Amino acid sequence: MSPNMENWQRLDRMLNATLTNEVGRKASISQGSALMRVAAAVFSEIHLLKTMREACLGAGTVAFHHAPVFGLVCGLVGFDSRTSQRAYLFITMRDVISAATRLNLVGPMGAAVLQHRIAPVAEAILTKLMDRGAEESFQTAPLLDTVQGCHGYLFSRLFCS
């Protein structure tokens with residue numbers, strides 16, 4: 001809702017402090033950095049994107065986490081908050097279902113059916129939780145954090161993120 005340098009840096013620092021799992025933190029930074037690089041190149045008419053990216057690259061003032069970069073890009077492109085939040089929920093849902101497909105938990109057809117069936121639930125969650133402040137966000141998944149922390153010790157890895 002406020003796509004400016006100060007707000008972006010504040011949200012990025014807040015997320016960086018919140019992500020205690022090194023694997024999750026690195027994945028978020030990797031995805032956010034890539035998104036910022038692509039967005040600055042694709043939306044070249046939005047000079048602020050390139051300016052903000054270049055100003056922060058060497059300065060170390062932001063880590064380039066995915067969620068704040070996504071929100072920044074959506075805001076600068078002109079998306080309203082509902083569209084931005086719906087898009088973020090959709091790509092997150094798509095990524096989880098894609099991971100389940102790559103792990104052979106569901107097939108491609110099953111993944112499409114699953115996404116179709118989950119869509120109304122996702123819409124209900126979006127309606128219930130949208131437009132909350134960053135201070136109200138939280139996540140508790142101690143088992144996931146523990147298992148995810150062991151990712152670097154695996155002999156072979158299926159995912160980079």
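For clarity, every value in this text was computed on a predicted model and none was experimentally measured.
Taking CE from Met14 and NE2 from His65, the interatomic distance works out to 12.0 Å, rounded to the nearest 0.5 Å.
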Under the criterion side-chain contact (heavy atoms from CB on, under 4.5 Å), I'd like the reasoning laid out for Phe43 against Leu76: C-alpha separation, chi angles, the key distance, then a yes or no. CA-CA 10 Å; Phe43 301 112; Leu76 290 174; over 6 Å; no
For the pair Arg82 and Thr127, evaluate side-chain contact (heavy atoms from CB on, under 4.5 Å) and give the outcome as yes or no after the intermediate values. CA-CA 9 Å; Arg82 182 171 182 85; Thr127 301; 3.9 Å; yes
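Follow the hydrophobic side-chain contacts under 4.5 Å out from Leu89 and you never reach Phe79; the two are in separate clusters. A continuous path of Ile, Leu, Val, Met, Phe, Trp and Tyr side chains, each step under 4.5 Å between heavy atoms, connects Ile46 with Val38, placing both in one hydrophobic cluster. Residues Val96 and Leu105 fall into different hydrophobic clusters, defined by Ile, Leu, Val, Met, Phe, Trp and Tyr side chains chained together at heavy-atom separations under 4.5 Å.
Using a 4.5 Å cut-off on side-chain heavy atoms (C-beta onward), Trp8 and Cys56 make contact.
When all heavy atoms of Met52 and Leu72 are compared, the closest pair comes out as CE-CD1, 3.7 Å. Minimum heavy-atom separation, Leu11 to Ala134: CD2-CB, 3.4 Å.
In this structure, the side chain of Asp12 does not engage the main chain of Val62 through any donor-acceptor pair within 3.5 Å. In this structure a side-chain-to-backbone donor-acceptor pair under 3.5 Å is present from Gln85 to Asp131.
Donor-acceptor pairing under 3.5 Å is lacking for the side chains of Asn16 and Arg13.
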